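Structure first, then comments.
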Amino acid sequence: MRYISTRGQCDSVSFSQAVATGLAPDGGLFLPESLPDISRYLTEWEPLSYKELTLAFFRLFATDIEEETLRSIVFNSYGKFENEKVAPLIRLEENLHVLELFHGPTLAFKDFALQLLGNLYEEQIRLSGKSLNVLGATSGDTGAAAIHGLLGKEGVNIFILYPDGRISALQERQMTCTGADNVFPLAIEGSFDDAQKVLKEVFENESFKQKFGLSAVNSINLARIIAQCVYYIYAWFQLPLEQRGNVEFVVPTGNFGNVLAGWLAQKMGLPVSGFKIATNQNDILHRLFQSGYYEMGELQPSCAPSMDIQVASNFERFIYYAENEDAGRVRRIMEEFKTTGSYEFKNFNNQNFSSSTASDADIEAIIGRVYHKYGYLVDPHTACAFQKIDPGKTSVLLATAHPAKFPETIQRATGITPHAESLENLKKRKIVKYSVLPDKESIENFIRGRAFANLDTPA
Ligand SMILES: *Cc1c(COP(=O)(O)O)cnc(C)c1O
């Protein structure tokens, strides 16, 4: 299987190249050259464990990785999950189910993609003999999940920038209390946007990037999307037979990575009825799916911070298919959106999608209501999925984070303080973080002092 760019201006690449590169050289995102038909494997896949299913699915995509290597990558990745089912489906009502995606090391669904990506990077280092320095900026969950995907691995350092004092105390502990000497949490003065901006500048320094083998961890890596397809298939197998065909997956959405993965699984032949995009008060995607009008607004910090985005970075992959795989049109749309901050889709294809939005007040009310009705605690992101559920449909709501990650909101909504053992253990550990100024020179100097370098020439 080869991978092409949504913007159509570079050659196709192998799976490993697409994973190593992240963003395509023409600024687009990688997608499979053609989508496999998985409908013919469903009977064969039904009895498989989560790990075996992931392996079977990845075999269709990671065709340049050997079977035994792929097996150990997959088994290592999901061996760190605390629930033996990895992604258990919980029934709240006859036709209302919750897919728990928070049993990984950092208690959020991003572990599904980043555990795997960490092991793919490790394999790449083994094959090339070249070390890597992985860089990212985070407003919380991604940084923690990326760190836990790479901590302690040979030949890789990870540097994560985050806005000091603006992420939750627990999220900070997940990044700073690892005890691993290849992890560098960089607390910067400023906002998440400042962190992203300086990171972009560092990546634009081509010689520095080459010398230190810099690699970006962000939400657009192809491997992340493919890893996330698997739990939709696995959830579908856990449903009663008569509910499978008309199930709607309800997905708390920010960068459109999670819901895109489900939609791709449907496109590959998983027979489901559709998807609901559940946003918080940052509702750019809700407005789009209602009206066809895609318009940036002002970012509003919410109590579901991992969904606080204005531009959904994976949305371009959806546009590619919605525009009949016409890369030229994708380029024009992205260009217009970049210059004007908006785009109006004529005949917008919102088939198979519905959407909702939830304010902070809605989120708190939902957390209370769900707890009183079902005795079940949901985190603020998952709560968005409970907004305006259609009782006539079979719904699978994706639970994207463990409630214990957001104790203050849960406490306010229910009077209960949720706990998770792994978070309690973190509180006993020492915080190691580095205060760095948010400018290019300071960040580069820090990296230069700590990183592996691949060449002898000074950058
Ligand atoms: C990242 C994240 C989301 C949003 O997922 P996208 O793939 O960006 O749409 C939702 N909930 C939680 C807890 C997250 O960490």
Side-chain angles (χ1 to χ4, degrees), residues 29 87 98-115 117 136-149 162 167-168 170-171 174-175 192 217-229 231-232 249-265 275-286 288-289 299 302-318 353 355-358 363 367 377-387 397-406 409-410 418 420 423:
L29 309 184
V98 176
L99 181 64
E100 291 185 346
L101 301 176
F102 52 69
H103 296 289
T106 69
L107 309 182
F109 88 95
K110 294 200 169 67
D111 288 325
F112 278 86
L114 288 166
Q115 282 294 312
L117 191 62
T138 189
S139 54
D141 287 335
T142 305
I147 284 173
H148 285 261
Y162 68 95
I167 66 172
S168 85
L170 283 173
Q171 285 176 326
Q174 286 188 319
M175 296 197 281
F192 173 59
V217 55
N218 50 35
S219 66
I220 50 92
N221 199 291
L222 172 82
R224 294 184 63 171
I225 304 295
I226 295 177
Q228 291 173 175
C229 294
Y231 47 70
Y232 288 92
F249 286 95
V250 187
V251 188
T253 297
N255 270 315
F256 206 78
N258 202 356
V259 68
L260 176 85
W263 182 74
L264 285 176
F275 300 87
K276 187 159 151 197
I277 294 160
T279 67
N280 64 18
Q281 62 197 10
N282 294 294
D283 61 350
I284 178 172
L285 289 171
H286 171 59
L288 168 69
F289 278 87
L299 191 84
S302 80
C303 68
S306 300
M307 290 156 58
D308 287 347
I309 61 101
Q310 272 308 317
V311 180
S313 53
N314 271 293
F315 190 58
E316 182 169 340
R317 288 188 161 110
F318 174 76
F353 286 100
S355 68
S356 68
T357 173
I363 289 173
I367 294 171
L377 283 179
V378 292
D379 96 288
H381 303 81
T382 307
C384 296
F386 282 82
Q387 181 80 311
L397 280 46
L398 273 56
T400 52
H402 193 290
K405 282 193 99 167
F406 302 92
T409 311
I410 309 283
L423 294 178

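The basis for the numbers below is simple: all heavy atoms, side chains too, and nothing from hydrogens, waters or symmetry mates. Order of appearance sets the numbers: ligands from 1, and atoms from 1 within every ligand. Keep in mind it's a predicted model, so treat the numbers as computed, not measured.
Taking the side chain to side chain donor-acceptor pair (under 3.5 Å) definition, one finds that Asp111 meets it with Thr106, sequence neighbours left out.
Side-chain atoms of Asn314 and Asn255 include no donor-acceptor pair closer than 3.5 Å.
The only member of Thr357, Asp308, Thr253 that meets side-chain hydrogen bond (donor to acceptor under 3.5 Å, both in side chains) when paired with Asn282 is Asp308. Under the ring-ring contact (aromatic ring centres under 6.0 Å, His included) test applied with Tyr232, the options Phe249, Phe112, Phe109 reduce to a single match, Phe249.
Between Phe289 and Phe275, the distance separating the two ring centers is not shorter than 6.0 angstrom.
Note: Ser306 OG to Lys110 NZ = 5.0 Å, rounded to the nearest 0.5 Å.
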Quick check on ligand 1: any N or O pairs to the protein under 3.5 Å? One line per pair.
{"from": "ligand 1", "atom 1": "7 (O)", "to": "Gly257", "atom 2": "N", "distance (Å)": "3.2"}
{"from": "ligand 1", "atom 1": "7 (O)", "to": "Asn258", "atom 2": "N", "distance (Å)": "3.0"}
{"from": "ligand 1", "atom 1": "8 (O)", "to": "Asn255", "atom 2": "N", "distance (Å)": "2.7"}
{"from": "ligand 1", "atom 1": "9 (O)", "to": "Gly254", "atom 2": "N", "distance (Å)": "2.8"}
{"from": "ligand 1", "atom 1": "9 (O)", "to": "Asn255", "atom 2": "N", "distance (Å)": "3.2"}
{"from": "ligand 1", "atom 1": "9 (O)", "to": "Phe256", "atom 2": "N", "distance (Å)": "3.1"}
{"from": "ligand 1", "atom 1": "11 (N)", "to": "Thr400", "atom 2": "OG1", "distance (Å)": "2.8"}
{"from": "ligand 1", "atom 1": "15 (O)", "to": "Lys110", "atom 2": "NZ", "distance (Å)": "2.5"}
{"from": "ligand 1", "atom 1": "15 (O)", "to": "Asp141", "atom 2": "OD2", "distance (Å)": "2.8"}

